[in-house]
Amino acid sequence: MTEPYRPIPYRPPRLDLATMRDRARAFEARMASRRSVRQFADDPVPQDLIASAIRAASTAPSGAHRQPWSFVAVSDPALKQQIRVAAEEEEHRSYEGGRMPEAWREALAPLGTDWRKPYLARVPWIVVLFAQKYGVDASGERVKHYYVRESCGIAAGLFIAALHDMGLATLTHTPAPMTFLSRLLDRPANEQPFILFPVGYPAADAEVPDLERKPLEAVSVWR
Ligand code: IYR
């Protein structure tokens, strides 16, 4: 699969500084208002909104432009219930079965999480991002993928930002191990579950931990 370099012009408009500052501050404020949510309303969310967020996520840069991701969007109530049951089984083993080290449990205490994941059956959508360790072309040949975790991480970030921008909430949920998702969602051998996103509106009485984000000084170095 050797393709030559065939560039096309790229001429995005150059904005004046005042506009850039306005947009930067507005975007920053919008992102700062995002919270991970664990209590969701059961109101339906139309499929086109989920499709739009997946398209936005799929604009992510990726190693050799292989776009090594699949987003599996689940609205079927029976399947969501199966995912809930399987996730809770794994989480129960982690939280109560001694699989999660004490230090980790302590780190999670301020988040108020436990093994119960009722929101997985309640949310209108569960979207599972699968990372493709390698690709498979039309003739069944393996295609090498590069920087798969980095690429999928960036796509996940854009997905979260897109959902937040359209007024939906989500949670980066990573029940461990997540292999049950490959089975329940019939995924091929080249795909590994990467992140599970419940997606919906926050419940009317949703609560979130009172967290603060690190200030600029703590997360940046200027030289
Ligand atoms: N997967 C578990 C535990 C968990 C782990 C981390 I790191 C978190 O930030 C939150 C939860 C769960 O989903 O409960």
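In each ligand, atom 1 is the first atom listed, and ligand 1 is the first ligand listed.
For atom 1 (N) of ligand 1, the nearest protein heavy atom (residue, atom name, distance) is Glu91 OE2, 3.1 Å. The nearest protein atom to atom 6 (C) of ligand 1, hydrogens excluded, is given as Leu108 CD2, 3.4 Å; this is a heavy-atom distance. Nearest protein heavy-atom contact of atom 3 (C) of ligand 1 is Tyr95 OH, 3.3 Å. Among protein heavy atoms, the minimum distance from atom 9 (O) of ligand 1 is reached at Leu111 CD1, 3.6 Å.
Listed by atom number, the atoms of ligand 1 under 4.0 Å from Lys117 heavy atoms are 12 (C), 13 (O), 14 (O).
Of the possible donor and acceptor atoms, one in the side chain of Arg213 sits under 3.5 Å from a partner among the backbone N and O of Ala32.
Judged by the shortest distance from any of its heavy atoms, Trp115 lies outside the 4.0 Å radius around the atoms of ligand 1.
Taking the centre and axis of the six-membered ring of Phe40, the NZ or CZ atom of Arg122 falls outside the cone set by 45° and 6.0 Å. The side-chain tip of Lys144 points at the ring of Tyr146 from less than 6.0 angstrom away and within 45° of straight on.
For ligand 1, none of its N or O atoms has an N or O atom of Arg38 under 3.5 Å away. Looking at ligand 1, you won't find any N or O of Thr113 less than 3.5 Å from one of its N or O atoms. Every N/O-N/O distance between Trp104 and ligand 1 stays at or above 3.5 Å.
For the 3.5 Å distance criterion, the side chains of Ser58 and Trp69 qualify, holding a donor opposite an acceptor.
The side-chain heavy atoms of Gln81 and Leu120, taken from C-beta on, include no pair separated by under 4.5 Å.
The aromatic rings of Tyr119 and His173 sit perpendicular, their planes meeting at an angle over 60°, well past the 30° parallel limit.
Two rings, from Phe159 and Phe197, have their centers less than 6.0 Å apart.
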